[in-house]
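Whatever order the structure lists them in is the order used to number ligands and atoms, beginning at 1. Just so you know, residue 1 is the first one in the sequence shown, and it goes up from there.
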Amino acid sequence: MNRLKYIISCLLIALCFACKEDKVFTEADINIIPKPKALQLNKGSFEFNDNTVFVVSTEAQKTICNSFINQFKTATGISLSIVNEAPSNNFIALKTDDSLAAEAYTLNANNTNVNISASSDAGFIYGLETLLQLLPTEIESTEVVTNIEWIIPAVSITDEPRFKHRGLMLDLSRHFFEKSYIKQTIDRLVKHKMNVLHLHLVDDQGWRIEIKKHPKLTEVGAWRVNQEDAAWNARTTNSPDEKGTYGGFLTQADLREIVAYAEEKNIEVIPEIEMPAHVSSAIAAYPELSCFEKPIGVPSGGVWPITDIYCAGKDSTFEFLEDVLLEVMAIFPSEYIHIGGDEATKTNWEVCPHCQKRIKTEGLESVEELQSYFVKRMEKFINSKGKKLIGWDEILEGGLSPKATVMSWRGTKGGIEAAKQGHDVIMTPEAYCYFNFYQGPQNEEPTAFNAYLPLNKVYEFNPVPEEFTEDQAQHILGAQANLWAEFIASDDASEYMMFPRLAALSEVLWSPQDQRNWEDFSKRLFTQFKRYDYAGINYAKSAYLVTASAKADIENNSVKLALKNEFPNPDIRYVFNDDSIENNATKYTDTLTINETTIVKASLFKDNKPVGKTYVDTIKFHKASGSKISFAHPYHDNYQADGIQGLVNSIRGSKNFHDGQWQAWIGNPMEATITLDNITEIESVSVGLLENQGAGIYFPEMVEVLLSSDGKTFEKVGEVKSTLSKSTGALLKDLKITFNKSEVKFIKVIAKPHDAGFKGNNTFVFVDEIIVE
Ligand code: ACM
Ligand code: ZN
């Protein structure tokens, strides 16, 4: 080899080493949630290795980088270090730029370095969260992952939030959550660039914050009789003498630790101390706080209406609350104190001599104005300590001082009214922000509050009403998800309800409205799911589920079945009966017409593979399908199925008792008479039943079947009796009565409700189909 050849080959080798199989990124590789305000993909990439360093100029920046470094070490096994002077290359530099807004940042990555600029620690925190999301999803792993190139695309990002208040409310009262879970939730909030954690520390079913001056609040109020084996709304009233064993509370030291932890992550913790209602736990501890001082136990489940409330007449009530708030304010640096204010039933105030005296001396017109007096008096105290009051939208009733901030939960109406009056508003309308609602079809979901909030609906939310002027819009501070915990008894269950809906809400609150696009979000969501998988988060895959709506065509003895999924242009495929969904599925394009008993299975497909759970339903035609049916007692107006033939329409109901397939009776039995077209040989009758004790729906006490060939003389051929037995969620049951083969034309089926359920009220019987075979 001559010298020139040698030099050329050396150069080639060096060059190859330098450009080592450059990974080429495309837009599809960038899946940041919430979507940044502006992002440009450039040529090139930046690779992390053992020698990559962070360059910082303050202690706070060092703390922020350490959080990244810890996560990086956990997932990669590589320890990155921090320096004060930038080397020539292979570094991530944090640079203060005072021209940027409070939570804004810019991130510029090229082949040799990454520069993150911000004017505040918050901006650096969010810049580094974005940096994590530019890395492979394995970066979220809780253990070392090997054989990964820790490489990001060259990008220029300019980013800042749309709203100032980006929150989540945790309800610690209905079920208690430990400090460790709260801190874990804070970690997850910051990953979604959320900045408020609202702690609902007080409610009927548990007082969760230590108050040193009034120790019984936690000694008594934090503990209830354990009735976790019963449905939330079927739990019985506890005697004040029975000691509670189920619950817990946070000490002031715990809360200080939580606040400090949150502060490092730009998360403001807002405490909520409910008043004047949702305080049975406090009244159980100190009955003198109520109008008539009647001792009560801490309720173990649903209380409605809420009549055990603080007395607004006695000054001692306000002295107590001021004591409590003084201790609360000493723990939480937030500029806000949330005083609740929702759902007070003021029947005691109507008749309490103290409350009536207050109404008179203050010149008030009504108990609503007495609540307004209550709130204003507390607000004055809160303001005198340099803090601001937040309350649920009921605080608008009877007048409100302009400095108060309104949390609009009963839709957006309260928020709209409040903003027009000049109040600041945090939007939490139930229809978009209540993460205690179901996120998928009830048959596939853990028991939740009986309402529906799928992921795409969260994503649709716009906290600023369209008709708002610029000025009014300025009053919308933001929004938050509320995770009421009546049906959430564990950390896993809480995660399930929170994710991925929090991802959708984070984008609602962070990204510019005109940048938001459900289809684009749903693509990025697949990557987010991988991050959740690596992080060990128990997120819901409900958005993958196929949902069906069935309609009977009685005249043609057929059923029309429409399949849906909430993702845009879903690839839904289905099979019938024993066929395999993995191998033989047909792409769904239009409503299916079913004419004979058929098992339908359907799934969402991605990359030609089924994802999520498979939807399975049986459309069952039987000997009474489409027959004439009449009832001795009419079914309930609210539960009419699809009309008079609803129980012989071959379509089954789901665990959702509002799904339009159920008929219901209360007070009277269901007594149905089916008239078959001809004399027919039959040998069994099954009654499709639902139980949901929290909603007052119980399996019947007795079901009987009688047969007749002439419609006049009926012979009883079977009967099943059952006693009450506790259950928590919704249960479906087919109660089958078999008898000797009989030639009949008329079938009478009676289902008698229990006279009373566990709470002593009349019970409902729910029936979806009477199957005759
Ligand atoms: C609420 O949901 N009662 C604020
Ligand atoms: Zn009173």
Distance from atom 3 (N) of ligand 1 to nearest protein heavy atom, with residue and atom: D342 OD2, 2.6 Å
N, O or S atom of H354 closer to the Zn ion (ligand 2) than 2.8 Å: no
Degrees at the Zn ion (ligand 2) between the SG atom of C291 and the SG atom of C311, nearest 10°: 110°
Salt bridge or not between [X] and [Y]? Use side-chain N to carboxylate O under 4.0 Å.
X    : Y    : value
E444 : K541 : no
D315 : R377 : yes
K314 : E319 : no

[X]: numbered ligand 1 atoms lying under 4.0 Å from its heavy atoms:
X    : value
E343 : 3 (N)
W484 : 1 (C), 2 (O), 4 (C)
Y434 : 1 (C), 2 (O), 4 (C)

Aromatic plane relationship, F449 with F437 - under 30° parallel, 30 to 60° tilted, over 60° perpendicular: parallel
Between N482 and Q480: side-chain donor-acceptor atoms closer than 3.5 Å: yes
